[in-house]
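Shown next, in structure tokens, is the structure this report addresses.
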Amino acid sequence: MIRLTVNGVMKQYDGDPAMPLLWYLRDLLELTGTKFGCGAGLCGACTVHLDGKAIRSCQTAMSGAAGKRVTTIEGLSVGGDHPLQNSWRTVNVPQCGYCQSGQIMQAAALLAEKPKPTDREIEGAMQGNICRCGTYERIRQAIKLVAGVKA
Amino acid sequence: MKSKTVSLVRRRDFLGGVFSAGALVLCARVVDSAAAAAATNEGATWQPSVYLGLEPDGRVIIVAHRSEMGTGIRTALPMVVADELDADWKRVTIQQAIGDKKYGDQNTDGSESIRRFYEPMRVAGATARTMLEGAAAAKWSVPAAECQAKNHEVIHAKTNRRVGYGDLVPLAAKQLVPAKESLRFKSPAEYRYVGKNVPITDIDGIVTGRAGFGMDARVPGMVYASIERPPVFGGKLKTCDDSEARKVTGVSQIVTVPPFKPPHGFQPVGGVAVIANNTWAAMEGRKKLKVSWETGNNAGYDSAAYKKVLQETARQASKVSRNEGDVDAAFRNAAKVHEAEYYVPHLAHASMEPPVAVAEFKDGKVTAWAPTQNPQAVQDTVAQAVGIKPQDVTCHVTLLGGGFGRKSKPDYVAEAAILSKQVNRPVKVVWSREDDIRFDFYHAVAAMYLKAATDQKGRPTAWLQRSVFPPIGSIGDVSARYGTFELQMGWIDFPYDVANFRAECGPAEAKVRIGWLRSVANIPHAFGVQSFIDELAAAAGRDRVEYLLDILGKARQIDLRPPAGRNGPDPYVFDVGRLRRVLEIAAERSGWAKKKPGNGRALGIAIHRSFFSYAASVVEVEVADGKVRIPRVDMVLDAGKVIHPERVRAQLEGAAVFGTSLALMGEITAANGQIAQANFHNYPVARMTEAPVETHVHIVPSDAPPAGVGEPGVPPIAPAICNAIFAATGKRIRELPVKRQLA
């Protein structure tokens, strides 16, 4: 039996401990904000927080989440008003929107650690998150808007 | 009623009960020439294309019948309706349409949603507004001309009376439908939404993770499927040992998807499906299958050898697509002749959401939920796949996690329906990224040969260009070897002022499924033509902007329609003046004249007209250690009238990134008939540091009819990048992707 908290709620899981956290969240808990993009840790669409750190849920087995706190896009803020969610609205970041949960979760982990990141730090943190629509420039802007650094 | 462009209908169960019984429902009808011809042939009535409902409680419901894949169309077209209706946007509900011919064309591709539906949408809005004003006039017994609709109310200024739209619904429904000719449309100064920055409909759902993509669709009792497909196109299942797969926890069944019957169309390629109670179990079970295949006709497909065949074909005289003057005589007498060959490989779409669909086969009918660009093609393809009628297929359209043309082809929805029929439950088919890359409808590889004779000033006096690529038509006709509509994409629509011109197309046999990808054949054609022009200008030692303007010649209109089709003026005539203008603006905005190459840094320029829009791109590159960085892109677009400028800017920013991906790193290859790439490690797309750092967009203000936006920004990017690389390093890139060529 694996115990973990997901968005503040205690959960128990008794299935295959090798199942990636991604599919547990999506198929079992119906938390579909976390996306499947590549299944190989190459695109970042499945990014969630594990004890506050951004991780790829497609590469994290349930056994690795045991006893830990998982936060998904649905749990990032109560009212959908995390500063990054707001800045994403202000800058009109999304196009198709599919990768944006992962982008926001990645950016939130970055700002939690480095509230005023440099350009290089933003790139370093966001390089693993692909956006095929090409919203990178706006992602950068939206992060800087929250960080209060010059865009 | 048939002669009216908009008819009033009162029905309870439009869209399965979206509207209440008391709703005033306007059914705007539109017909294009093709549909009109079809209607005449079949004796059918006109095809309605858009629905607008007003509820007695004041809610306005606008049906989005085109698919949302990131362009903002689910916002932009409803804005047009709401504006002419003078509705309060906060009281507008947008309802996604199911697939149904009554909406007219729903295939969201070709950058044509605004182009085709701007007019019907504003007619729908203006008609409703006129009827509401008429209803208020009747209510107050005053002339209709004294009643004015404004922000969800009709106002009688003289007596200072006002009434909400909802309260007018019963009366408005009794009004006669005004003739289209009598409608008054708003002047641009009166626009409430058009031309403004309206947040996209789905923004809250997207940033909170609650937006519903195809990947998120779920219905009760649903099972999950992962399909092992024949690795060579046209291959068939020989043997399958599924004993180990069945042992995987959660796996319930192993089911066969039959091979397609040529021609392929949009059919599934066949394979073996593992059915399970969650996605991961299905994928794990699939890994345990022991499958062997009959590889079929394409087992020998090797993309390196195939490339040589295409290039050799491009060197031979081929089918003439357009011919002006006498190219051969001009070459014989020329002082100087230039030749160059260009090559663009197959490309995969790689939308962030891989193909995915849910389908339920029940009582001889199918209900599907899918991220599709073309729900009517879903109806046709699914119906054919499971042996029912298209009208017995209901296709719900989810949000699309990207499309780029891939999701116009509903093979993945047909797979779900085929499986559901076999397992008697709703089935969700989830493609892995590897499936997506290896079983795409690929953007066609193209080899081009260009030859020009030039005068003393380096100006071309004769121009020959030959394009060789497997045609998209090959998916519908196995004998197809020559491009058709692809040649209207930057090949025969050649605007340069060259007296002797010939465009040709050589034959190529498709070895994989060919499909359209964002801007289609404009990608290779703009790359070939714009690179060659840069080479000619370089040979003449001339400034690129000055050279382009010179060879474009004076502002004039080129009617590209065949003489038999020239009945009346063409609203989308090729206007060379507009192309000159975007070029001039791009040069000005990018600081072209001031920025001189140095330290591995330089500008490159390219222009291209596609989807009736005129685009110019200036790209600044910085080349160091064999790597290309793009600090800045300037994009100028003249797309005629623009509805949502902010989303147009977003599309052009995205086009710059999409164009960067295909220019620098996009390449699909094959060996032994199998696609060599599988995931983002070997089919890379631009990430944050590879994408242009800044993209500056300038939209040319225009009252011309609306033209395309989603695609026209893509074609000029690759040649502009490669022209910049030449300016920076002296290295001419004639084959995409750039990849390791600078190392």
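Chain identifiers are assigned alphabetically (A, B, ...) following the order of the sequence lines, protein sequences preceding nucleic acid strands; residue numbering begins at 1 within each chain.
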If I measure from the heavy atoms of chain A, does B:E694 come under 4.5 Å with its side chain, its backbone, both, or neither?
both

Which atoms of B:V430 approach chain A - backbone, side chain, both or neither, heavy atom under 4.5 Å:
side chain

Count the heavy-atom pairs under 4.5 Å between each of B:F404, B:W280, B:F658 and chain A, then report the option with the highest count.
B:W280

Count the heavy-atom pairs under 4.5 Å between each of A:G39, A:G15, A:A18 and chain B, then report the option with the highest count.
A:A18

Side chain, backbone, both or neither: which part of B:M69 has a heavy atom under 4.5 Å from chain A?
backbone

Go through the atoms of B:F213 and report whether side chain, backbone, both or neither lie under 4.5 Å from a heavy atom of chain A.
side chain

B:A350 portion near chain A, given a 4.5 angstrom heavy-atom threshold
both

May I ask you to name which of B:V657, B:T660, B:D216, B:V693 has the most heavy-atom pairs under 4.5 Å with chain A?
B:D216

Could you check if a side-chain atom of B:E353 sits within less than 4.5 angstrom of a side-chain atom of A:K35, using non-hydrogen atoms only?
no

Heavy-atom distance under 4.5 Å to chain A: side chain of B:R74, backbone, both or neither?
neither

Any idea which of B:H681, B:E646, B:E690 has the most non-hydrogen atom pairs under 4.5 angstrom with chain A?
B:E646

Other residues, nucleotides and ligands only: do more than 12 of their heavy atoms fall within 6.0 Å of NZ on B:K627?
no

Taking all atoms of both residues into account, what is the closest heavy-atom pair of A:F36 and B:R433, and its distance?
CZ-N, 4.2 Å

What option among A:A45, A:P94, A:G80 has the most heavy-atom pairs under 4.5 Å with chain B?
A:P94

Options A:G37, A:S101, A:G33, A:C43, ranked by heavy-atom pairs under 4.5 Å with chain B, top entry
A:G37

When the 4.5 angstrom heavy-atom criterion is applied to A:Q100 and chain B, the contacting part is side chain

Does any donor atom in the side chain of B:T249 or A:D16 lie under 3.5 Å from an acceptor atom in the other side chain?
no

Quick one: which residues of residues 119-139 of chain A reach chain B at under 4.5 angstrom, heavy atoms only?
A:I122, A:E123, A:M126, A:Q127, A:G128, A:N129, A:I130, A:R132, A:C133, A:G134, A:Y136, A:E137, A:R138, A:I139

Is it true that a side-chain atom of A:N92 and a backbone atom of B:P199 form a donor plus acceptor pair closer than 3.5 Å?
no

To the nearest 0.5 angstrom, please state how far the CZ atom of B:R687 sits from the CG atom of A:L42.
6.5 Å

Reported CD1-to-CD distance for the pair B:I203 and A:Q85, which is rounded to 0.5 angstrom:
10.5 Å

For the pair A:E30 and B:R218, find out whether any cationic side-chain nitrogen is under 4.0 Å from an anionic carboxylate oxygen.
yes

Structural part of B:V207 lying under 4.5 Å from a heavy atom of chain A
both

Do A:Q95 and B:Q651 meet the criterion of a side-chain donor-acceptor pair at a distance under 3.5 Å?
yes

Top residue by heavy-atom pair count (under 4.5 Å) with chain A, among B:I200, B:T695, B:L399?
B:T695

Expected output: side-chain B:N278 to main-chain A:D27 donor-acceptor under 3.5 Å
no

Under a 4.5 Å cutoff for heavy-atom pairs, which residue among B:V356, B:T279, B:N277, B:N679 has the most contacts with chain A?
B:T279

So for B:T689, is it side chain, backbone, both, or neither that comes closer than 4.5 Å to the heavy atoms of chain A?
both

Pick from B:T71, B:D202, B:D204: which one has the most heavy-atom pairs with chain A under 4.5 Å?
B:D204

Side chain from CB out, backbone as N, CA, C, O: work out which of these in B:M222 comes under 4.5 Å of a heavy atom of chain A, or both, or neither.
neither

Looking at CD1 of B:I206 and CZ of A:R89, how far apart are the two atoms once the value is rounded to the nearest 0.5 Å?
11.0 Å

